[in-house]
Amino acid sequence: MICKDFETRIPYFLDDKLNKKQAKEFFAHMQTCESCKEELRIQYLIKEGTLRLEDGDSFDLNKELDLKIEKTKKAIKKRTIANMVIYIMEAVAIAAVIFILILVFTSR
Ligand SMILES: [Zn+2]
């Protein structure tokens, strides 16, 4: 992913609208690119900061962004584990079918 792609995805990330693949690429670039990480931080501060100022809440936005990133990463991981479980179950089901077929054919 290039920096320009990252920048276009920032609003989608902030609105929780990235799919799993997009979020993965997003974080992968963020880890290697300091300037994009900084850009994300700035856009988050602008977006959330404006909302909070209207509400008059006190806030620690830097920490909140880190939490948001962690939450999204966990969601990706969770879905990956779920996918793995489905994959294993499918493999077991296929193995069972093959086993049954072997039994049927060898018993004749
Ligand atoms: Zn970048």
Side-chain angles (χ1 to χ4, degrees):
M1 184 191 263
I2 58 168
C3 295
K4 200 165 163 42
D5 292 333
F6 185 91
E7 277 171 36
T8 54
R9 280 185 194 182
I10 289 175
Y12 293 95
F13 168 71
L14 295 179
D15 288 337
D16 296 315
K17 279 178 184 156
L18 291 180
N19 66 32
K20 189 176 135 194
K21 187 170 168 283
Q22 289 169 331
K24 258 188 181 172
E25 291 166 354
F26 188 80
F27 290 134
H29 183 83
M30 193 183 78
Q31 267 167 355
T32 59
C33 187
E34 261 322 298
S35 66
C36 281
K37 200 173 178 180
E38 192 54 36
E39 179 64 27
L40 171 63
R41 214 163 269 284
I42 290 164
Q43 289 211 26
Y44 183 76
L45 291 177
I46 292 168
K47 182 175 180 274
E48 289 298 314
T50 313
L51 292 172
R52 300 306 168 80
L53 285 176
E54 285 166 5
D55 292 345
D57 283 351
S58 64
F59 48 85
D60 184 352
L61 288 174
N62 273 320
K63 205 175 165 198
E64 282 182 33
L65 175 59
D66 290 339
L67 284 175
K68 186 176 173 67
I69 290 167
E70 278 312 306
K71 220 175 101 189
T72 311
K73 277 185 180 170
K74 268 188 194 150
I76 294 172
K77 220 175 172 188
K78 223 183 247 172
R79 268 176 282 174
T80 308
I81 291 168
N83 286 344
M84 256 170 66
V85 170
I86 290 166
Y87 179 79
I88 290 166
M89 280 168 66
E90 275 175 2
V92 169
I94 291 165
V97 168
I98 291 168
F99 184 69
I100 289 165
L101 285 175
I102 291 169
L103 278 183
V104 167
F105 280 106
T106 52
S107 64
R108 275 185 188 170

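Both counts, for ligands and for their atoms, begin at 1 and track the order of listing. Just so you know, residue 1 is the first one in the sequence shown, and it goes up from there.
- Inter-residue side-chain proximity for Thr72 and Phe26 is flagged as unmet; no heavy-atom pair is nearer than 4.5 Å.
- Of the residues Gln43, Arg41, Glu48, Glu70, the one that meets the side chain to side chain contact (heavy atoms under 4.5 Å, CB included) test with Leu65 is Arg41.
- Protein contacts to the Zn ion (ligand 1) involving N, O or S atoms at a distance below 2.8 Å are Cys3 SG, His29 NE2, Cys33 SG, Cys36 SG.
- Seen from the ring of Tyr44, Lys68 does not count as a face-on cation partner, given the 6.0 Å and 45° thresholds.
- Inter-residue side-chain proximity for Asp15 and Lys47 is flagged as met; some heavy-atom pair is nearer than 4.5 Å.
- Side-chain contact between Cys3 and His29 is present, with at least one heavy-atom pair separated by less than 4.5 Å.
- Put simply, the side chain of Ile2 reaches to within 4.5 Å of the side chain of Asp5, judged on heavy atoms.
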